[in-house]
Every structure is written in structure tokens, then in C-alpha cells.
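Working notes, beginning with the structure itself.
Just the heavy atoms: all of them, side chains too, but no hydrogens, waters or symmetry mates, feed the values below. Numbering starts at 1 and runs along the sequence shown. Every number for a ligand or one of its atoms is a count from 1 in the order of the listing.
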Amino acid sequence: MQYISTRGQSPAVSFEDAVLTGLAPDGGLYIPAELPQVSAAQLKAWATLSYQDLAFVIIKPFVAGAIPDAELRAMIVASYANFSDPKIAPLKHLYDNHYVLELYCGPTLAFKDFALQLLGRLLDYFLSRRQQHIAILGATSGDTGSAALEGCKHSQYLDLFILHPYQRVSEVQRRQMTTVQGNNVNNIALEGDFDDCQGILKKAFADQRFLPSGYQLGAVNSINWARIMAQIVYYFYAALPFLDRGATAVSFTVPTGNFGDIYAGYLAKKMGLPVRQLVIATNRNDILHRFISGNRYHKTALEPSLSPSMDIMVSSNFERFLYDLFQGDSARLTRFVTGLSTEVQQVSADEWAWARTHFDSASVDDATTCATIKEVKQHTGFLLDPHTATGVKAAALCDKDSATPMITLGTAHPAKFAVAIEQAGFATPALPPHMADLFQREERYTVLPNSLEAVKAFMVQALAHKR
Ligand SMILES: *Cc1c(COP(=O)(O)O)cnc(C)c1O
């Protein structure tokens, strides 16, 4: 299987190269040139597989022989070995036909562990085979950073530089990153917001000449194809038991920031999983909702919210969907994406209608998020984190068919977001035992101005230091 760039100006690459380079040289994102199709018979046969076995059969065609089967299987097993629930992604019933898929049983308590545990192992495997080092540059709205550090810190082939927006992540999120030890770990608090972090990252990838010779940049953000690939699995895993019991389709609601998680759901549907609705849940930073509900795609100022991991205006992975929307017209896509900084972008009436056949959307403000946390806790006993709460609310608002199971992706554990939980009127739940001393551990991070040059200089110095 080959991977092509959404912008159409870089050559197709192998799975290994797509994983190692992250962003295509033309600034585009890699997408598979064709998608494996899953038959009804396969859906039936897969319904009883363990999470790990299902992950193997779904991921194998994307890896396309780049890793021998036995080693790929071992990597998948190791990736999910330290999840706290044997089901890996347990499903909880909420009310009526509504469910939450708990995706926060991994080491850093957010869904990011699903992909980053595997990505860390894939990177280490390819780099050790090549005897090559790379510098990982990551931008995080809060959860990618710690999951990437957990997934990658053991690799001697990786140096890690993680940018988070200064004072715009929760305290637990910050401490989960800044207390990770290791001389290959560098945390940078950037004096800007997540879009600034992601903007600096994309510029650094586009021109890597500042790096010491022999280094290239690697990506742990969801611009990296392997993250999307790993996330496709849990859509199948959640849906298959319902289909096996006679449901004709299921629906998903996804708390959305960079559009990576929900794009994986869209791909699961394209591969043949019967998905009725895909609901985009956003907080007040709702550019995607404004596009789906009104065909207006334009930037407004990014505002901090109670669900900081979704405080993103420019969703990188939306570009992967636009590639399909524009039927592979990369020139059109490039104009649309690069025009975003100045203009309101719109698509044709037909294109907009097509986008709306795939996605519904809702925007949920902080007050409604708190009210949802409270209501769900009082009625079901279940404590939602603020991101999942935007999803549960959006699911209720957008549900078009009460006969179809509606599964909201539970993206993080409530203990990570004390401020929201307290505003909703509850005590913050305790952190799990492996994180119980988080507030006593020593933190290490560097505050830098919102400047590409400052970040480059910091990286050059840190890498020089190591040699
Ligand atoms: C990252 C994150 C999201 C958004 O996921 P995307 O793939 O960026 O859309 C939502 N909730 C939580 C808790 C997250 O960490």
C-alpha cells in the first residue's frame, strides 16, 4: 500500500516512510492510496475477537508487509498490555440507546494512548532497523504530549520536543508531561495557544535545515498517519457486537479538536462498517460546526474553555476529509486550506450537501458542559470528563434515529480536569495509583516566546548538548 499527499506535490511513499516523515514535504498529509474493504462475512467473524486480535487484522493491510506479522502482532499486544481494563475499550450504557466508549484506560488516561503506545513502538522499530535518530517535534492541546512521552520515552533513537500552550492546559495534563524523566525529553511551554504551537510545528517541518546534520523531524501529532490508523480499530470494536446482535448500523459522536479521531471513524465507515451518523461535538471553538451547519469555514479568535484538549481552531485532519470532498483536486484543496488565514471559505451547494451526508455537528458551551456532567452523574451515577460531556450533549441534540445505538467516545478520565468537575459541583475523582504522587514529582519545562526562531534555537542547543 502506498501513501499519497493531500496536496499532490510530493511522491507517494511506503508505510514506513509515511510514519517516519509525518508531514509530507509539500506540507500535505499522507492518506492511503486505496482503502481496504471489509465484507459482511468479515464483520461477522470479527465480532468475537479480542481488542488486540481485531487491531491486528485491521492494521495489517495498512502496514502492507513493512513489518513481519509476528512482530506486528507483538507490538500491538505490548501497546495495550498496560491498559487498566482487560476489554481495553469498555462500553458503558448511559440511557436509552446511548452509550459511552471508555477510551481512557491507558497510562495517561486519554484516548491518545491508543495510537501513541503503538506509534512509539513503530518509530523505534523502523529507526533501530535503519540505525537512524530522529527529533520528534509535537504540539499538544494537553493530552498528546503526555501520551507521546509515555509511548516514546524508552526509545534511544528519539529525542522528544513537545510544545504545549503556556497556562492553557490543565494542571494534571501539564504535570503528566513535565514530570517525565529522561535526557531525551524536552517540554516547551509556548507563550501562545494551540494553533500557534501547531503553526510553528508545520513551519519547522517545511524547512528542516536548522537541524544538526543527520537529524530529521518526526511527528507524533495526528498528522502522522499511524495515529489515524490505530484509532480506526475501536470504531469496529465498539460497533461489531451491536451488529452481531442484529443492529443494522450504529452511530458515533466524537468530541473533536484536530479532527483526527472522527476522521478515523469516517474511514471505518468507508471501509464498510455500517455507520449511520457521525456527530462532530465541539466546544465554543466551533469552526467545524459552523462549516457543517452553515457552509462557512473561517477562523475566529481561539478562546480557552473547560475542555482544553478541544481548544483548536484550525483542524489539521480536516484536510484529509477535504481531499475526498474535492474528489482529489489537490490544487483546489491547497487554495482552500491556505486561504483560510484571511477569508471565509465556502464549498459548492452539492459539496456541502455531501459533507452533511457524512457529518452532523453541535457546539456545546462551558455552562452546558457543566450542566451535562451534573445531569448525567445524577441520573446514571457516571462522571463524565468535560470533553466527553460535550459529546454526550451533542449526541442528544443530533440523534436522528432512536433505534440506532449512539456511542459517544469517552476521550478522557475526569480526574484530569478538576476545574470543570468542581464547577459542575463534584469533588475531583482520585488519580489512579500509578499517578497518585503526581503532585509531588519534580517538574521540568522551559517557557519560550511564541516564535519559530526561539523554538529552533532551543532544539539546536538541546541536540548539540547530547553529542
Ligand atoms: C485530543 C482530544 C480530543 C480531540 O481529538 P482530535 O483527534 O484532536 O479531534 C478530544 N478530547 C480529548 C480528551 C482529547 O485529548
For atom 10 (C) of ligand 1, what's the nearest protein heavy-atom neighbour? Residue, atom name and distance, please.
P255 O, 3.5 Å

Contact atoms of ligand 1, heavy-atom distance to T256 under 4.0 Å
9 (O)

If you apply the rule ring-ring contact (aromatic ring centres under 6.0 Å, His included), what do you find for Y104 with F114, and how did you get there?
CA-CA 9 Å; Y104 44 81; F114 276 84; 9.9 Å; no

Search all heavy atoms of K416 against all heavy atoms of V172 and return the closest pair with its distance.
O-CB, 3.9 Å

Residues D261, T411; criterion side-chain contact (heavy atoms from CB on, under 4.5 Å); working and verdict
CA-CA 10 Å; D261 209 4; T411 50; 4.1 Å; yes

K374 atom NZ, neighbour heavy-atom count above 12 within 6.0 Å:
no

From the list F336, F318, W354, ring pair (Phe, Tyr, Trp, His ring centres under 6.0 Å) partner of F326 resolves to F336

Counting heavy atoms only, name the option from H387, Q231, K112, R227 that's nearest to atom 14 (C) of ligand 1.
K112

For atom 5 (O) of ligand 1, what's the nearest protein heavy-atom neighbour? Residue, atom name and distance, please.
F111 CZ, 3.4 Å

Verify side-chain contact (heavy atoms from CB on, under 4.5 Å) between L163 and V455, making sure each step is shown before the conclusion.
CA-CA 9 Å; L163 301 168; V455 171; 4.0 Å; yes

Report yes if some N/O of N258 lies less than 3.5 Å from some N/O of ligand 1; otherwise report no.
yes

When you look for heavy atoms under 4.0 Å from ligand 1, do you find them on the side chain of F259, its backbone, both, or neither?
backbone

Hey, which of Y263, Y266, W352 is the one that makes ring pair (Phe, Tyr, Trp, His ring centres under 6.0 Å) with H358?
Y266

Does an N or O from M310, backbone or side chain, lie closer than 3.5 Å to an N or O of ligand 1?
no

Report yes if T411 has an N/O atom closer than 3.5 Å to an N/O atom of ligand 1; otherwise report no.
yes

Close-contact set for ligand 1 against A412 heavy atoms, below 4.0 Å:
13 (C)

Mind checking whether D143 has an N or O less than 3.5 Å away from an N or O of ligand 1?
yes

Residue and atom name of the nearest protein heavy atom (relative to atom 7 (O) of ligand 1), distance in Å to one decimal
D261 N, 2.9 Å

With atom 4 (C) of ligand 1 as the reference point, say which of G257, G260, G410 has the nearest heavy atom.
G257

Write down the atom of N317, the atom of S222, and the distance for their closest heavy-atom approach.
ND2-OG, 2.9 Å

